[in-house]
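Notes follow the structure.
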Protein chains: 2
Amino acid sequence: MPLKKNVRKIRSPAPLPRAEGHRQTRREHAIEIAEDYAEAIADLTLETGEARVVDLAQRLGVTHVTVNRAIARLQRDGFVSSQPYRAIFLTEKGRHLASASKRRHELVVAFLISLGVSERVARLDAEGMEHHVSAETLAAFQGALPRKGQQG
Amino acid sequence: MPLKKNVRKIRSPAPLPRAEGHRQTRREHAIEIAEDYAEAIADLTLETGEARVVDLAQRLGVTHVTVNRAIARLQRDGFVSSQPYRAIFLTEKGRHLASASKRRHELVVAFLISLGVSERVARLDAEGMEHHVSAETLAAFQGALPRKGQQG
DNA sequence: CGAATAACTTAGCAATGGCTACATTGTTTC
DNA sequence: GAAACAATGTAGCCATTGCTAAGTTATTCG
Ligand SMILES: [Mn+2]
Ligand SMILES: [Mn+2]
Ligand SMILES: [Mn+2]
Ligand SMILES: [Mn+2]
């Protein structure tokens, strides 16, 4: 029997509509690429002195064309600055995003390893999980980490 | 100094190229919607007797049009069967996906709560994290869960 | 220096997944 | 049974994110 009218349901204390989780997930996905690129650009700059399109493509597992267009979006959104045929640089905003992302990423990896997950799988899973770990959950991960309680 | 040729680097034991994590993440994102819809359809069918477009839209936080097109893709991929103006049903394949997804989802929520994360945030974060939790990591979550070691 | 090569850019295709506006079909209600 | 309404479907828009093919620019090397 389709087309049955929605009955108004009586609820007690507003129990977190399920849609909220999906909305949050979509929001996180919308900035995920910015986070991964920022991290990669920061890493490459540190490791090799500059971030080039080809190296980003290699590291992210996409073609250089995909990187090119992503960089254009990141520049539009204020995360990087770039000029034609030159290397890519993070803006202040981009550096902040990179360092926050990098810290969270490494914490997630360390936490998974501390749980007994193999390093390989920890690194693979963390690449996706990291973007959905809120501040509260990150703090819980950090708190559950064995030693060096400070932050080292 | 841009346009510097890539130097061939000498490596020892093949240390998991970083691109692999990003590739895995993209693969997971490609089936994420199927997983969430399968779960939602199974839940609604159990709770209210059938899964209707409006109820799915409500639960997933999108418009009914978005649901409609998603259902078309799911049917194309063999996860659901549907006829115009009728409710939506899971295929065998869809039911399997739903039950695996539901089990993983609930385990992730329970694990986060056991870590001290508030139920609200646990539910919000789990909605995105779940799709990136591999079998190995899920087992580690389960192993770290307080009691009822079996699976209840 | 000029040719070869590597890196980068541009053009254009496709799938996904969101939307609004409008059309159609079932269900309820009078 | 017809009007009103709820639900579903269709048309068409847009942004993102992947791709291949072809063109352009910078670097390197003979
Ligand atoms: Mn990532
Ligand atoms: Mn994700
Ligand atoms: Mn779920
Ligand atoms: Mn989910």
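- The hydrophobic cluster around A:Phe111 extends to A:Leu107, A:Val108, A:Leu112, A:Leu115, A:Val117, A:Val121, A:Met129, A:Val133, A:Leu138, A:Phe141, A:Leu145, B:Leu107, B:Val108, B:Phe111, B:Leu112, B:Leu115, B:Val117, B:Val121, B:Met129, B:Val133, B:Leu138, B:Phe141, B:Leu145, counting ILVMFWY residues whose side-chain heavy atoms fall within less than 4.5 Å of a member.
- With sequence neighbours excluded, the residues satisfying side-chain contact (heavy atoms from CB on, under 4.5 Å) with A:Glu92 are A:Arg95, A:His96.
- Put simply, the side chain of A:Ile71 does not reach to within 4.5 Å of the side chain of A:Val53, judged on heavy atoms.
- Rounded to a whole Å, the CD atom of A:Gln58 is 13 Å from the P atom of C:dC8.
- Applying the side-chain hydrogen bond (donor to acceptor under 3.5 Å, both in side chains) criterion to B:Arg69, with sequence neighbours excluded, gives no partner residue.
- For D:dT16, the OP1/OP2 oxygens have a side-chain nitrogen or oxygen of A:Arg76 closer than 4.0 Å.
- Between B:Arg52 and the phosphate of D:dA7, there is a side-chain N or O to OP1/OP2 separation shorter than 4.0 Å.
- By the side-chain hydrogen bond (donor to acceptor under 3.5 Å, both in side chains) test, B:Asp125 pairs with A:Gln24, A:Ser134, A:Thr137, sequence neighbours left out.
- Residue B:Thr66 has no polar side-chain atom (N or O) positioned under 4.0 Å from OP1 or OP2 of C:dG18.
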Considering only nitrogen or oxygen atoms on both sides, find all protein atoms under 3.5 Å from nucleotides 9-12 of chain C and state each distance.
from, atom 1, to, atom 2, distance (Å)
C:dT9, OP1, A:Tyr85, N, 3.1
C:dT9, OP2, A:Asn68, OD1, 2.3
C:dT9, OP2, A:Asn68, ND2, 3.4
C:dT9, O4, A:His64, NE2, 2.7

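- B:Val109 shares a hydrophobic cluster with B:Ile113; the chain of contacts runs through ILVMFWY side chains whose heavy atoms sit under 4.5 Å apart.
- The distance between atom CG of B:Asp55 and atom C1' of D:dA7, rounded to the nearest whole Å, is 10 Å.
- Every residue meeting the ring pair (Phe, Tyr, Trp, His ring centres under 6.0 Å) condition with B:His132, not counting sequence neighbours, appears here in chain and number order: A:His132, B:His29.
- Whole-Å rounding puts the B:His131 NE2 to C:dG17 P distance at 12 Å.
- Exactly one of A:His105, A:Glu35, A:Glu28 qualifies for a side chain to side chain donor-acceptor pair (under 3.5 Å) with A:His131. That residue is A:Glu35.
- Looking at residues two or more places apart in sequence or on another chain, you find a side-chain contact (heavy atoms from CB on, under 4.5 Å) between A:Thr45 and A:Ile41, A:Ala51.
- B:Leu56 places its CG atom 16 Å from the C1' atom of C:dG17, with the value rounded to the nearest Å.
- With rounding to whole Å, A:Leu74 atom CG is found 11 Å from D:dT16 atom P.
- The nearest whole Å value for the distance from the CD1 atom in A:Ile71 to the P atom in C:dA7 is 16 Å.
- Here the P atom of nucleotide D:dT16 and the CD atom of A:Gln75 are 15 Å apart, to the nearest Å.
- For the segment residues 21-39 of chain A, the set of residues with a heavy atom within less than 4.0 Å of an atom of DNA chain D comprises A:Ile33, in numerical order.
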